[in-house]
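Read through the structure below, which is laid out as structure tokens, and then see the notes.
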Amino acid sequence: AFQRGLSDSEQLIRALALRVLSSIRINDILQIQILGVQKCASDVSPYVRKCAANALSKLVPRCDDMQREIMLQLMKEQLLDKDSSTMVLTSALVAFCELCPERLDLLHTSYRKICHLLTDMDEWGQVVIIDLMARYCRRFFKEPRALKHGAAELIDQERRVQRRLLRGGQRTTSNTCPRSEEHTSE
């Protein structure tokens, strides 16, 4: 009956069928549950895809290593990379944080999209996703070279001089604070 519900024409029925099917904790039907999640992850309705992302959190802990990799690949390819619905992305990223928080490399292809859509995501998801993106940035973004040589302070001084000149009535866009030889060679 639940498998028939996954093919229903009404999106709420499909989503409810997946939610109920994924809540059953019997290992004998795990393969049927995985097929249901795979089917719903490519559904036309964002609500059904959101339920598929939520179902991942329930199923992956019970999967063996091969099934787990299939489910994580499904999350990456179908939900993170291809989907642009904020409702789906929020649920997929929350599931990501629960299932594989250390596998930040899976976010490479969708990082910019996540940052762009972050303001449209729901508030509770934003908290989790900002934490996730901060961990991603700490791991994969390097410290700027200019920061090591004190160039940040030099740039700040230049901006202060330009602001003073603009307030004083002089409108210039040229660089008013010459840089030393050691900072311009970078």
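If you're wondering where the values come from, they're calculated on a predicted model, not measured in any experiment.
In the hydrophobic cluster analysis, where Ile, Leu, Val, Met, Phe, Trp and Tyr join through side-chain heavy atoms closer than 4.5 angstrom, V44 is grouped apart from V48. Cluster membership check: F96 shares its hydrophobic cluster with L117, using side-chain heavy-atom separations under 4.5 Å among Ile, Leu, Val, Met, Phe, Trp and Tyr. Under a hydrophobic-cluster definition in which Ile, Leu, Val, Met, Phe, Trp and Tyr are linked whenever side-chain heavy atoms come within less than 4.5 Å, directly or via other members, V60 and I24 are assigned to the same cluster. The cluster map of Ile, Leu, Val, Met, Phe, Trp and Tyr, joined by side-chain heavy atoms under 4.5 Å apart, puts L104 and V94 in different clusters. Residues L18 and L35 fall into different hydrophobic clusters, defined by Ile, Leu, Val, Met, Phe, Trp and Tyr side chains chained together at heavy-atom separations under 4.5 Å.
Of all heavy-atom pairs between P46 and V88, the closest is O-CG2, 3.3 Å. Heavy atoms only, all atoms of each residue included: A95 and A53 are closest at CB-O, 3.5 Å. Heavy atoms only, all atoms of each residue included: G125 and T90 are closest at CA-CG2, 3.6 Å. Looking at every heavy atom in both residues, L107 comes nearest to I114 through CD2-CD1, 4.3 Å. Across every non-hydrogen atom of L79 and A41, the tightest pair is CD2-O, 4.0 Å. The minimum heavy-atom distance between K50 and S91, with the atom names listed, is CG-OG, 3.1 Å.
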side-chain contact (heavy atoms from CB on, under 4.5 Å) between V128 and L93, worked out: CA-CA 8 Å; V128 174; L93 289 167; over 6 Å; no
Verdict with reasoning, Y111 to L80, per side-chain contact (heavy atoms from CB on, under 4.5 Å): CA-CA 9 Å; Y111 174 78; L80 293 176; over 6 Å; no
side-chain contact (heavy atoms from CB on, under 4.5 Å) evaluation trace for N27 with R62: CA-CA 8 Å; N27 285 335; R62 297 186 302 144; 3.7 Å; yes
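Residue pairs that meet the salt bridge (charged side-chain N to carboxylate O under 4.0 Å, His left out) test with at least one member in residues 23-32, sequence neighbours left out, do not exist here. Pairs engaging residues 32-44 under the salt bridge (charged side-chain N to carboxylate O under 4.0 Å, His left out) rule: R14-D43 [sequence neighbours left out]. Judged as a salt bridge (charged side-chain N to carboxylate O under 4.0 Å, His left out), not a single pair has a partner in residues 87-99 (not counting sequence neighbours). Listed by first and then second residue, the side-chain hydrogen bond (donor to acceptor under 3.5 Å, both in side chains) pairs that reach into residues 77-87 are R49-D83, Q73-E77, K76-D81, D81-T109, sequence neighbours excluded.
Residues passing the salt bridge (Lys or Arg N to Asp or Glu O under 4.0 Å) test with D131 are R135, sequence neighbours excluded. Applying the side chain to side chain donor-acceptor pair (under 3.5 Å) test to T119 and every residue at least two apart in sequence or in another chain returns nothing. In terms of the side chain to side chain donor-acceptor pair (under 3.5 Å) criterion, R68 has no residue partners (sequence neighbours excluded). Listed by chain and number, the residues in a ring pair (Phe, Tyr, Trp, His ring centres under 6.0 Å) with F140 are H108, Y136 (sequence neighbours excluded). Take E69 and apply the side chain to side chain donor-acceptor pair (under 3.5 Å) test, not counting sequence neighbours, and it matches R103.
Chaining together hydrophobic side chains whose heavy atoms lie under 4.5 Å apart leaves W124 on its own. Using a 4.5 Å cut-off between side-chain heavy atoms of Ile, Leu, Val, Met, Phe, Trp and Tyr, M66 falls into a hydrophobic cluster with I70. Grouped by direct or indirect side-chain proximity (heavy atoms under 4.5 Å, Ile/Leu/Val/Met/Phe/Trp/Tyr only), L12 sits with Y47, M87.
One finds the CD1 atom of I34 at 10.0 Å from the CG atom of L74 (value rounded to the nearest 0.5 Å). The structure places CD1 of I13 at 12.5 Å from OG of S7, a figure rounded to the nearest 0.5 Å. To the nearest 0.5 Å, the span separating CG on L132 from SG on C97 amounts to 4.0 Å. From L89, atom CG reaches atom CE of M121 across 4.5 Å, with rounding to the nearest 0.5 Å. Of the inter-residue distances, the one linking L59 atom CG with L99 atom CG reads 9.5 Å to the nearest 0.5 angstrom. Here the CG atom belonging to L56 is positioned 11.0 Å from the SG atom belonging to C40, to the nearest 0.5 angstrom.
For D65, the CG atom sits in a loose shell: 12 or fewer heavy atoms of surrounding residues, nucleotides or ligands are nearer than 6.0 Å. Counting heavy atoms of neighbouring residues, nucleotides and ligands inside a 6.0 Å radius, atom CD of E102 exceeds 12 of them.
With hydrogens and angles ignored, the 3.5 Å screen pairs a side-chain donor or acceptor of Q33 with a backbone N or O of L21.
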